[in-house]
Amino acid sequence: MIWLILGCMIVTVIPRIVPFLFVRRIQLPEVVLKWLSFIPICIFTALIAEHLFIHTSTGVTVHWMYLAVLVPTVLMAIWTKSLSITVLIGVMLMATARWYF
């Protein structure tokens, strides 16, 4: 079982670490850097939209618990401009919301 866990860890770490090691040594064109700057926004939006909007038989509705967590998280992101703090606040708020609701 330990070998299986270690193998899964290696398979997960390699695609996440190797690209950073490769890109760190080369100078990327300005166009690529500009494009990469939008990726966190795209990922954030995709993650939010997946849970915020619920497809029902009558149409699409908003999941109010996720919206209640989204608003303070986005405000914290705007205020601190820190990805780490934003993620930490968002995770704590979501855990609290799931605990109580």
Side-chain angles (χ1 to χ4, degrees):
M1 185 57 89
I2 291 177
W3 288 110
L4 179 64
I5 293 170
L6 289 174
C8 290
M9 181 188 75
I10 290 169
V11 169
T12 301
V13 166
I14 287 174
R16 294 175 190 223
I17 300 297
V18 171
F20 288 110
L21 296 175
F22 176 72
V23 171
R24 186 176 69 181
R25 296 182 185 163
I26 61 173
Q27 181 66 29
L28 294 173
E30 191 65 33
V31 174
V32 174
L33 292 174
K34 176 85 171 163
W35 177 76
L36 288 172
S37 71
F38 292 107
I39 289 185
I41 296 169
C42 295
I43 292 172
F44 186 63
T45 305
L47 290 171
I48 290 170
E50 177 183 9
H51 294 289
L52 185 62
F53 301 109
I54 304 167
H55 181 44
T56 63
S57 60
T58 60
V60 178
T61 61
V62 174
H63 195 294
W64 294 105
M65 183 178 74
Y66 288 105
L67 184 62
V69 170
L70 173 66
V71 171
T73 302
V74 168
L75 292 174
M76 185 60 68
I78 293 169
W79 185 48
T80 64
K81 297 190 180 11
S82 168
L83 181 60
S84 301
I85 293 173
T86 302
V87 169
L88 184 64
I89 294 298
V91 168
M92 289 185 339
L93 287 172
M94 194 69 226
T96 304
R98 286 184 177 170
W99 179 269
Y100 288 108
F101 303 107

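Quick caveat, the model's predicted, so the values are computed rather than measured.
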Point to revise | By side-chain contact (heavy atoms from CB on, under 4.5 Å) - contacts of Ile2 (at least two apart) | key: Leu6
Check your understanding: Going only through I, L, V, M, F, W and Y residues with side-chain contacts under 4.5 Å, is there a path from Val31 to Ile39?
Key -> no
Practice item. For Leu21, check side-chain contact (heavy atoms from CB on, under 4.5 Å) against everything at least two apart and list the hits. Key: Ile17, Arg24
Practice item. Output the distance between atom OG1 (Thr61) and atom CG (Leu52), rounded to the nearest 0.5 Å. Key: 9.5 Å
Exercise for review: Working to the nearest 0.5 Å, report the span between NZ of Lys34 and CG of Leu28.
Suggested key: 15.5 Å
Review point. Which heavy-atom pair separates Ile89 from Met76 by the least distance, and what is that distance?
Key: CG1-CG, 3.8 Å
Check your understanding: Phe53 versus Val62: any side-chain heavy-atom pair under 4.5 Å?
Key -> yes
Review point. Val71 and Ile85: same hydrophobic cluster, using ILVMFWY side-chain contacts below 4.5 Å?
Key: yes
Exercise for review: Check Ala68 against Pro72 and note the closest heavy-atom contact, atom names and distance.
Suggested key: O-CD, 3.0 Å
Point to revise | For Gly90 against Val69, the heavy-atom pair lying closest together | key: O-CG1, 4.0 Å
**Study point:** Rounded distance (nearest 0.5 Å) linking atom CG of Leu70 with atom CG of Leu75
**Key:** 9.0 Å
Practice item. State which residues pass side-chain hydrogen bond (donor to acceptor under 3.5 Å, both in side chains) with Arg98; sequence neighbours excluded, sorted by chain then number. Key: Tyr66
Exercise for review: Spell out, yes or no, whether Phe22 and Val13 are grouped together once hydrophobic residues are joined by side-chain heavy atoms under 4.5 Å, including indirect joins.
Suggested key: no
Review point. Can you name the nearest heavy-atom pair linking Thr12 to Cys8, along with the distance?
Key: OG1-O, 2.8 Å
Point to revise | Other cluster members, Leu4 - Ile/Leu/Val/Met/Phe/Trp/Tyr, side-chain contacts below 4.5 Å | key: Met1, Ile5
Check your understanding: Which value, rounded to the nearest 0.5 Å, describes the distance between His63 atom NE2 and Glu50 atom CD?
Key -> 12.5 Å
Point to revise | Linked, directly or transitively: Met94 and Trp64 (ILVMFWY side chains, under 4.5 Å) | key: yes
**Study point:** Those residues that, when tested against Thr56, pass side-chain hydrogen bond (donor to acceptor under 3.5 Å, both in side chains) (two or more places apart)
**Key:** Thr58
Point to revise | Value rounded to 0.5 Å, distance of CD1 in Ile14 from CE in Met9 | key: 9.5 Å
Exercise for review: Not counting sequence neighbours, list each pair that qualifies as a ring-ring contact (aromatic ring centres under 6.0 Å, His included) and has a residue in residues 71-101.
Suggested key: none
